[in-house]
Amino acid sequence: MSAGSGSAEQAAAFLTRNAVDALPEGALRRRLEEGRPLRVKLGIDPTAPDIHLGHTVILRKLREFQDLGHTVVLIVGDYTARVGDPSGRSAARPMLSGEEIDANAQTFRRQASIVLDPARTEVRHNGEWLDMKMEELFRLALTSTIAQLLERDDFARRYAARQPISILELLYPLLQGYDSVAVRADIELGGTDQKFNLLLARDIQQAYGLSPQSVLTMPILPGIDGVQRMSKSLANYVGVTEAPDEVFGKLMRVPDSAMSTYHELLLDAPLDRTRPAVESKRAMARVLTARLHGPEAARTAEEHFDRLHVQRAAPDEIEELVIAVKDGTVHLPALLREAFAVSASEGRRLLAAGGVRLDGEPLSADALDVPAAALDGSVLQLGRRRFRRLRLS
RNA sequence: GGCGGGAUGUCCGAGUGGUUAAAGGAGACCGGCUGUAAACCGGUUGGCUAUGCCUACGCAGGUUCGAAUCCUGCUCCCGCCA
């Protein structure tokens, strides 16, 4: 065995250590043995630009490729977003304008650079090649069959359940596959949910006379609910640009059942089960907050956390709310609406439930109008972690 | 083109003339316990300066003292046949 193939062997083992699938068997190692910078593709959806920790699992993997000298090709799905994917029930999925897509792509690029090396990243928009002539679309459509597409798990399920599947949806995997043709991808990464699409792209590349990409799928990071995948729309995500306090706090909410996955995927180290769970979680929150915001911010965030949840005190810095007073009294439901964007009706319910505090003392729902003078400088608190310091105008 | 089934709140899903702002579940939120974990217990879950008023069961009309429930038209979805 030559020295070259030996190191390719090592690199392949390193890159696949925490992956789910590396297909086909041995393909990645053979690619690496070619000794040239490989083109490693990731397709992104510009509809939800904010990157969260779930994305960083794959981005970190891409970074590993970059550190080995390879090129990352980020494909912004601007064309597909413009067409609008009518998947599932959410018929109202918005078709984004060109400006929105560009703005989202910019955001994504900026946030991705927290993890990726911009010098080894190529960003392409699939509108460059998908805005094709119908003749070319026909050629693409000829590469796959309905039976092939219906093998995809979610299509199969929906078909069996008599849920609608539009022709356009069936076309999406083909379009994604064509992206691989256009950028001549050597490797494509994705979550395990992308396995079908990534593999179909191989067939499509071959139909166009190219050598098929190899495929690397990464596990899906569960959200902070510990159950469903991390996703912005499920509101269980930790965004990479969120404030340090938020990042730390959210990570402390991760259920124990998800801790070992978090360790594997984000910390790249197994969870030490002999250690108390709280300690591991704290350490994790500290490391990840520091990764996004630096060690100093992580330390402050931890102090903030302790103050709020160990000492159960109000935080050092509280956003101020200046309130306008008309006749010397303040109507609490209206105040809550202004302070925390809850409806006045919801505010009343929260008051009745004892969820609203003023300087730590629960307010009652019996007196909805309170003298304004009693509020100036006080801290209004909703639930455990929403605070506003009140100021009279 | 023909025949049949369907559309209910954030989601799933009951409800076929009257205490229905709409059962039940999920999710979410508040409170308790705690480690902002899990499990568990209690509560809330359309809006509104509010012993009341307004808006809601695909859309538009109609019948009725009274409609998510009955009638007509329309839109959309699903299946079967062609």
Side-chain angles (χ1 to χ4, degrees), chain A residues 86-92 157-167 169 222-229 231-238 242 244-263 271 273 275-286 289 301-315 323-338 340-357 360-370 372 380-387:
Chain A
S87 298
R89 305 283 161 77
S90 54
R157 235 200 317 271
R158 281 162 63 193
Y159 191 68
R162 300 178 169 180
Q163 300 281 312
I165 302 170
S166 72
I167 304 293
E169 286 178 83
I224 57 171
D225 57 3
V227 182
Q228 291 181 278
R229 60 177 300 151
S231 121
K232 192 177 186 184
S233 58
L234 292 171
N236 63 0
Y237 73 108
V238 181
E242 283 191 85
D245 292 351
E246 280 296 303
V247 173
F248 194 96
K250 281 184 172 182
L251 286 167
M252 288 301 285
R253 282 213 273 179
V254 171
D256 291 0
S257 58
M259 282 295 284
S260 88
T261 310
Y262 270 62
H263 272 70
L271 173 67
R273 294 187 186 278
R275 207 175 170 196
V278 210
E279 260 180 50
S280 301
K281 196 177 290 180
R282 252 179 200 272
M284 176 179 84
R286 204 177 295 138
T289 306
E302 187 167 5
E303 281 165 13
H304 175 264
F305 176 86
D306 283 336
R307 200 172 157 72
L308 238 67
H309 299 287
V310 178
Q311 302 164 34
R312 295 213 168 174
I323 48 181
V325 181
K326 267 178 278 174
D327 47 16
T329 67
V330 170
H331 189 61
L332 290 176
L335 177 63
L336 289 168
R337 181 174 51 200
E338 218 176 312
F340 305 112
V342 296
S343 73
S345 298
E346 195 178 354
R348 283 168 192 255
R349 284 184 229 119
L350 289 163
L351 281 164
V356 182
R357 291 184 165 85
E361 291 303 312
L363 289 172
S364 122
D366 301 334
L368 292 179
D369 294 286
V370 298
L380 183 69
Q381 179 181 0
L382 177 61
R384 195 65 90 201
R385 53 183 197 278
R386 282 176 278 184
F387 298 87

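Each chain gets a letter, A, B and so on, in the order its sequence line appears, and its residues count up from 1. Side chains are part of it too, since the values below use all heavy atoms of this structure and drop only hydrogens, waters and symmetry mates.
Of all nucleotides present, none satisfies the Watson-Crick or G-U wobble test against B:G17 with each distance under 3.5 Å. The nucleotide B:U75 finds its pairing partner in B:A7, both defining distances of the Watson-Crick or G-U wobble pair being shorter than 3.5 Å. When Watson-Crick and G-U wobble pairs are counted only if both distances are under 3.5 Å, B:A39 pairs with no nucleotide at all. Across all strands shown, B:U51 remains unpaired; no Watson-Crick or G-U wobble contact has both distances below 3.5 Å. A 3.5 Å limit on both hydrogen-bonding distances identifies no Watson-Crick or G-U partner for B:A67. In this structure B:G27 sits in a base pair with B:U45, meeting the Watson-Crick or G-U test at under 3.5 Å.
With both ends at atom C1', the span from B:C74 to B:A21 equals 28 Å, rounded to whole Å. Taking the C1' atom of each, B:G43 and B:G35 are spaced 24 Å apart, rounded to whole Å. Nucleotides B:C57 and B:U10 place their C1' atoms 15 Å apart, quoted to the nearest Å. Comparing the P positions of B:C80 and B:C71 gives a spacing of 27 Å, expressed to the nearest Å. Taking the C1' atoms as reference points, B:G61 lies 31 Å from B:C11, given to the whole Å. Separating the C1' atom of B:A23 from that of B:G73 is a span of 32 Å, rounded to the nearest Å. Spacing between B:G79 and B:A68 at atom C1', rounded to whole Å, works out to 25 Å. Taking atom C1' in both B:A14 and B:U20, one finds a spacing of 12 Å when rounded to whole Å.
Taking 4.0 angstrom as the limit, A:Arg357 places a side-chain polar atom (N or O) nearer than this to OP1 or OP2 of B:G31. Listed pair A:Arg337 / B:C48 meets the phosphate criterion, a side-chain N or O lying under 4.0 Å from OP1 or OP2. Distances shorter than 4.0 Å separate some side-chain N or O of A:Ser343 from OP1 or OP2 on B:C48. Within the structure, a side-chain polar atom (N or O) of A:Arg349 is placed less than 4.0 Å from OP1 or OP2 of B:G47.
Taking a cutoff of 4.0 Å between a charged side-chain nitrogen and a carboxylate oxygen, A:Arg312 and A:Asp306 do not qualify as a salt bridge. The pair A:Arg337-A:Glu346 fails the salt-bridge criterion, with no side-chain N (NZ, NE, NH1 or NH2) lying under 4.0 Å from an Asp/Glu carboxylate O.
Judged by the 6.0 Å and 45° rule, A:Lys281 forms no cation-pi pair with A:Tyr262.
Between the NE2 atom of A:His304 and the C1' atom of B:U36 there is a distance of 12 Å, given to the nearest Å. Between A:Asp245 atom CG and B:U36 atom C1' there is a gap of 13 Å when expressed in whole angstrom units. Going from atom CE of A:Met252 over to atom C1' of B:U36 covers 8 Å, rounded to whole Å. Rounded to whole Å, the distance from CG on A:Asp369 to C1' on B:A50 is 12 Å. What separates CG of A:Leu351 from C1' of B:A50 is a distance of 14 Å, to the nearest Å. One interatomic measurement links the two molecules: CG of A:Leu336 to P of B:C48, which rounds to 12 Å at whole-angstrom precision. The CZ-C1' distance, from A:Arg348 to B:U44, rounds to 15 Å in whole Å.
Place A:Leu350 and A:Val342 on RNA chain B by their nearest nucleotides, and A:Leu350 ends up nearer the 5' end.
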### Task
Evaluate side chain to side chain contact (heavy atoms under 4.5 Å, CB included) for A:Leu363 paired with A:Arg357, printing each intermediate quantity in order.
CA-CA 5 Å; A:Leu363 289 172; A:Arg357 291 184 165 85; over 6 Å; no

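For A:Asp256 against B:G35, a side-chain-to-base donor-acceptor contact under 3.5 Å is present.
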